[in-house]
Every structure is written in C-alpha cells, then in structure tokens.
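Chain A is the first sequence line, chain B the second, and so forth, proteins listed ahead of strands; every chain is numbered from 1.
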Amino acid sequence: MTRRYDEVMSLSLRRGFIWPSVDIYGGFAGFYDYGHLGAMMKRKWEDLWLRYFLGLSERYYLIDTTNILPYKSLKASGHVDHFTDILVKCSGCGLSHRGDHLVADATGKSAEALGTQEIDTEIEKLNIRCPKCKGTLMPSTEFNMMFPLSVGPTGTDQAFLRPETAQGAYLNFKREFESLRRKLPYGLAIVGRAFRNEISPRQGTYRMREFIQAELQIFFNPGTFDDELDFESVADEVIRISFEETKEDGEVEGIEAGDLLGRLPKFYVYHMAKMQQFYLDILKVPRERFRFAELGEKERAFYHKLHFDIEINIDSLGGWGEINGIHYRTDHDLKGHQAGSNEKMTVNVGGERVLPHVLELSFGVDRNIWAFLDVFYEKDDRTVLRLPKEVAPITLGIFPLVSKEGLPELAREVYDSLKHDFSCFYDESGSIGKRYARMDEIGTPYCLTVDFDSLKAKDVTVRERDSTDQKRISIDGLADSLRALLKDEEPA
RNA sequence: GCGGUCGUGAUCUAGCCUGGUUAGGAUCUGAGGUUCCCAACCUCAUUGCUCGGGUUCAAAUCCCGACGGCCGCACCA
C-alpha cells in the first residue's frame, strides 16, 4: 500500500472520518464505520448530490425503499440466478475456477445458465481437468454474492439484503408513474445501502460488503427521450473520456459532447455531461483526475447496453478507480419484473404503449468519500484538506485570539449566533496557529477569530483555508456575509 | 478461498532474531501557565504489546490457531 494511503488513513483514524467496524474486536473485513467528521461529510456529500441531480429535471424525485427484498423480486431481476458464481476447486493445486468458464471454454458455448449439478455433469462428460495443473476437479459449489435472510417466525419466507438500490426504483415504477401523473420521462433517486458478500474485500472503503449507493433511475420513452432534453446546453462540454481500446494506457481524450453523438445516443451523452459538470464545476475535482472509462462487452453486465464508469485518479489506490457508473439498462429491468409479477409495466404515453427504458446514474458514496479524502489531501508545510466548502464536515472554526480579557466571551457570542445556521466549531485551547492547523487538517474552509480590535469595532477576522488570507467582517450581518462567501460571492 | 507478509498507547514507531529490571521515543490529546494571528514554549497527566491456547521458573519476544491489514492469484452479474 502506498504511503499516501497510510497518511490518509492515519488522518482519517486520528480525526474521526472513517475506521474499520467492530474495531475493538479486531475489525470486520469489508465493513467500515464513519466517525463524527466522516458521517457529516458523507451527509453533506449526499445532500449536494441530491440537490444537483434532482435539479436536473423537475421530474426527478427522491424515494426511499427497503433494504430487504423477497426471493421472488430478486428471482425476477435475475440476481438469484446470475449474481452467483459456481466455483470448482482443483484437488491437486487447490486453485478455484469458475465452473461456467471451464465448461464454456470446453464447449465454446455459454454455460452461464447451468446449475452446480449440470456443471458437474458437463465436467465429467467432457473430462475437464484443472487448466493450471491438470489435476482432477472437486464437485462444484455455488456462491451467491447476496446475503440470504429468513423473514418471519417460521423462516420460510426467503429474502436477501438488496445487492443494489436500483431495484427499489423498478419495484415502485408503476406506483410512481401514477403518482407523477402518467408522464415520461421521470426519475427516481435513492440514497441507501446495498450489500454484497464480496469474496475478498480490499483497499479500505473501495470494496466493501455493506456500502452506500446514490442512484438516479431515469425511466424514458426510447423513441422520444433525445428530443426532450436541452442538449444544446451541454453541446460544448468537453468530455474527458477513455474508450475501451485505450483506457489501459491511461489515455484520456477530450471530446465535445456534440462530437460524441456519432458514437453514443444523445440522452446518454447529455447525462454524461451533467455528471462531469457535477465533478468539475460543483465539486472542483481537478480536471486531470477525472474521466469516463468505457467498459467492454466482457466487463459489463449483459443487460447494460452501454456502460461507462466515472473514474478518479486516486493516488492512494494506485491510479484510476471506478467510483460511479452510467448504465443504459434498456427495458431489461421492467421487462423482468413484468414477467415475474404479472403486473403490466407498459404505459400509455402520447397514444402509444411503451415499455420504458432505464438510464441509471449510479454513485458509490463511500468510494467518493475516500476519493475526496485522497484527492484533496495535501501535505507539505502544512497539512490541508482542500475539500469543497459544501462537503467539509465543519464550515466555520470560531476562536478568540487569546483566551483572556473578554475575547472568549465575544467569540462565544459569535459562535452562539451562528451555530444553528452553519456547522461551527468553537475552540480556545493552545495557540491560534495550532487551532488553524487543526481546522486545515479536517478541511474547514473558514476560521473566524475575535481579536482585541473586535471588541471595539464589533467585527471578526475571517481566515480562508487555502490561501490563509484574512479579512475583517462586521459582526452585524455576519451570517449573510458568510453565506455570500460560501457561494464565492463578495460579502456585502 | 489459496500463497506470501505483517499486527506495540489515539497516530507513527523502537524493542522481538539472542525470552528476564518500570516496554523507550515522537506526534496527538487533556489540565494549568504563557501567548496581540498560523502546529512556539514550560509544568503535569491519560492511553499500549490484536485475541485465544501452548512451551517456560519467566513471553511483546518462541510455537500453534483465530481475527484483521497489505501484496500476488482467483473473484468483482
């Protein structure tokens, strides 16, 4: 692991962002807890995400759905059958292989639909041996990545923890279509937990067994969606993109959204542009650390017609890491639930019956939080976390210059007047420089200091984190001045 | 899951090979002092050998197991 990983993790542990769950019992692989700073940062990230993506359309809405889903619904979605791997272990060298891959290699046909018994039969019939050492293979075992649960007193109602939040949107599609007055397109956002029994969780919060997704599922009429978007507003956006053929080289092209239309559908490019703007314009992620990366046919799920990941160059994880995805899921999901539930999912819009298609904007919240801790962490003379103001867990540090002669009292007054409107932190211990340093380290964008002049002039100094520049602002109207400052406007 | 490697206060680490005084240092944190703007300084204080067995008169140190971290393989619809 890199030194940067250790530094970021050390900061995170020390100050209270993230740490392993159940730490006092030695930890629990694949599970992490958020401390008081991490939890606040995550909440703010989610709020910002929600405001931005719901703001993309007056027809995008937030819903909230259950973490536990019954067998039937996940059978219909394909997760019961396809979210599994059939593993075959070699009795000689002990290596595990995927059963369907072994059979597919021997027959030249996809074996994805076969069960464990069928795989075993095929292996015997075709006399398949370990590709590594030619040893004999043991009976196959099934491994489903979903966590099974028994619901109810008899335990006969089989269920699972949801492997993705997306299903909640599909399951509620019809209800919301009615509530939202039978119009397309519309979108359902869910911010919530998903669970996957990863074989080998690694790299901190990058691959977890319980994680948080922020997803927007957009239901649309594939025949008309392109014309329902204001594509002109994003046509000039230079999209940073790596296609399948070149992404391994780390090559990133800059292509105007308008020029991608020959290669990708309009609605898809439009949302790519909006996602990119969220990162580059709102969150101020350095441009060179951001890209879309195309997934090839073998990498993506069979029902993802188009799949690009958003990757951030994360030094502590050794380079480009996937944090989000934009998936064109076609009508796969609604079609599956239509068949599984016998509920008709086609809807009547503009005089025709359509089975809506789905565009999924999917964000890994924990991965974003880690990426931000990494990307904005800087250590040379001082340690500064240059977090976007909106996601910094604490917005204002409020201090008396020294803790005597009436300064703490006035500083307390300032604190009390702001504490309900901003995330504030009051401190009077140690030297002023120490207190600034502590705030820099956790990304606090502004510190207000009450000094001796403040007593007469009724003002405070405002110190900016990145530049350490200071200016004086009157206590009268302070909240409004700070609001302006936080929006990058000049205070009144 | 397999193989390798590692696990010492909140954080980073010395000690382990060669078992034996009170487990040392730095940072951090708390209290007090000092202090008119960027981790200053002084005094005092809190917190530790991942867990469980075993060997031994004696285990942070040696052995076994578990748990966890990292790396490689596999996996990541």
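To the nearest angstrom, P of B:rG68 lies 17 Å from CD of A:Q203. In this structure, CG of A:D23 is placed 11 Å from C1' of B:rG69, rounded to the nearest angstrom. B:rC51 atom P lies 13 Å from atom OH of A:Y25, rounded to whole Å. The distance between atom CG of A:L317 and atom P of B:rC71, rounded to the nearest whole Å, is 9 Å. The separation between A:M145 atom CE and B:rC75 atom C1' is 8 Å, rounded to whole Å. A:F28 has its CZ atom 16 Å from the C1' atom of B:rC51, to the nearest Å. If you measure from atom CG of A:L37 to atom C1' of B:rU11, you get 15 Å, rounded to the nearest angstrom. In this entry the distance linking CG of A:L407 with P of B:rC37 reads 12 Å, nearest Å.
Straight-line distance between the P atoms of B:rC38 and B:rU61: roughly 48 Å, to the nearest whole Å. The separation of B:rU43 from B:rC28, taken at their P atoms, amounts to 15 Å, rounded to a whole angstrom. Atom name C1', nucleotides B:rC16 and B:rG7: the rounded distance is 13 Å, in whole Å. The gap from the C1' atom of B:rC17 to that of B:rC6 amounts to 16 Å, rounded to the nearest Å. Here, B:rA74 and B:rG68 have their P atoms 23 Å apart, quoted to the whole Å. For the C1' atoms, the distance linking B:rA60 with B:rC51 amounts to 14 Å, nearest Å. Across B:rG19 and B:rA66, the matching C1' atoms stand 24 Å from one another, rounded to whole Å. B:rA39 sits 14 Å from B:rA26 when the C1' atoms are compared, rounded to a whole Å.
A:K44 and A:S423 are linked by a side-chain donor-acceptor pair at a separation below 3.5 angstrom, with hydrogens and angles left out of the test. A:E7 and A:S10 share no side-chain donor-acceptor pair at under 3.5 Å. Using modelled atom types, one finds no donor on one side chain facing an acceptor on the other under 3.5 Å when comparing A:Y426 with A:K419.
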Check the pair A:T383 / A:E441 against side chain to side chain donor-acceptor pair (under 3.5 Å), numbers first and verdict last. CA-CA 5 Å; A:T383 300; A:E441 196 182 37; 5.1 Å; no
Hey, mind stepping through A:N368 and A:N324 against side chain to side chain donor-acceptor pair (under 3.5 Å) and telling me if it holds? CA-CA 8 Å; A:N368 272 270; A:N324 312 315; 3.0 Å; yes
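Residues from residues 427-439 of chain A placing a heavy atom under 4.0 Å of any atom in RNA chain B, listed by number, are A:S431, A:I432, A:G433, A:K434, A:Y436, A:A437, A:R438.
Applying the 6.0 Å contact sphere to CG of A:D466 captures more than 12 heavy atoms from other residues, nucleotides or ligands.
Applying the 3.5 Å distance criterion, the base of B:rC37 shares a donor-acceptor pair with the side chain of A:D451. At a cut-off of 3.5 angstrom, the base of B:rC76 holds at least one donor-acceptor pair with the side chain of A:R207.
The pair A:D469-A:R463 fails the salt-bridge criterion, with no side-chain N (NZ, NE, NH1 or NH2) lying under 4.0 Å from an Asp/Glu carboxylate O.
Partners of A:H307 according to the side-chain contact (heavy atoms from CB on, under 4.5 Å) rule, which considers only residues two or more places apart in sequence or in another chain, are A:L295, A:R300, A:H304, A:D309, A:H327. Annotation: side-chain contact (heavy atoms from CB on, under 4.5 Å) contacts of A:P70 (sequence neighbours excluded): A:S73. Residues satisfying the ring-ring contact (aromatic ring centres under 6.0 Å, His included) criterion with A:Y206, sequence neighbours excluded, are absent altogether.
Within the 4.0 angstrom heavy-atom criterion, no nucleotide atom of any strand lies near A:R382. Base contact: A:Y303 has a heavy atom under 4.0 Å from a base atom. Counting any heavy atom pair closer than 4.0 Å across all strands shown, A:G397 reaches no nucleic acid atom. Counting any heavy atom pair closer than 4.0 Å across all strands shown, A:R300 reaches no nucleic acid atom. Residue contacts shown for A:E322 are absent, as no nucleic acid heavy atom lies under 4.0 Å away.
Considering A:V414, A:L407, A:D427 as possible partners of A:F399, the one that fulfils the side chain to side chain contact (heavy atoms under 4.5 Å, CB included) test is A:D427.
Here side-chain hydrogen bond (donor to acceptor under 3.5 Å, both in side chains) pairs that include residues 18-40 of chain A, with residues two or more places apart or in two chains, are A:S21-A:D33, A:Y34-A:D366.
Distance from the side chain of A:S10 is smallest to B:rC12 among B:rU35, B:rC38, B:rC12. Between B:rA74, B:rA39, B:rA77, one nucleotide has an atom nearer to the side chain of A:E441 than all others, and that is B:rA39. Of the candidates B:rG1, B:rA77, B:rC38, the closest approach to any side-chain atom of A:F83 belongs to B:rA77. Here the side chain of A:K404 is nearest to one of B:rA10, B:rA77, B:rU35, namely B:rU35. Side-chain proximity of A:I199 to B:rA39, B:rC71, B:rA74: nearest is B:rA74. Each of B:rC70, B:rC36, B:rU11 was ranked by its minimum atom distance to the side chain of A:L401; first place goes to B:rC36. The nucleotide whose nearest atom lies closest to any side-chain atom of A:E198 is, among B:rA10, B:rC38, B:rC76, B:rC76. Between B:rC36, B:rA77, B:rG72, one nucleotide has an atom nearer to the side chain of A:F452 than all others, and that is B:rC36.
Nearest-nucleotide positions on RNA chain B for A:R209 and A:Q470 put A:Q470 closer to the 5' end. Take the nearest nucleotide of RNA chain B for A:L13 and for A:G27: the residue whose nucleotide is more 5' is A:L13.
Base pairing in RNA chain B gives the following stems of 3 or more Watson-Crick or G-U pairs, range against range and under 3.5 Å: B:1-7 with B:67-73, B:10-13 with B:24-27, B:29-33 with B:41-45, B:50-54 with B:62-66.
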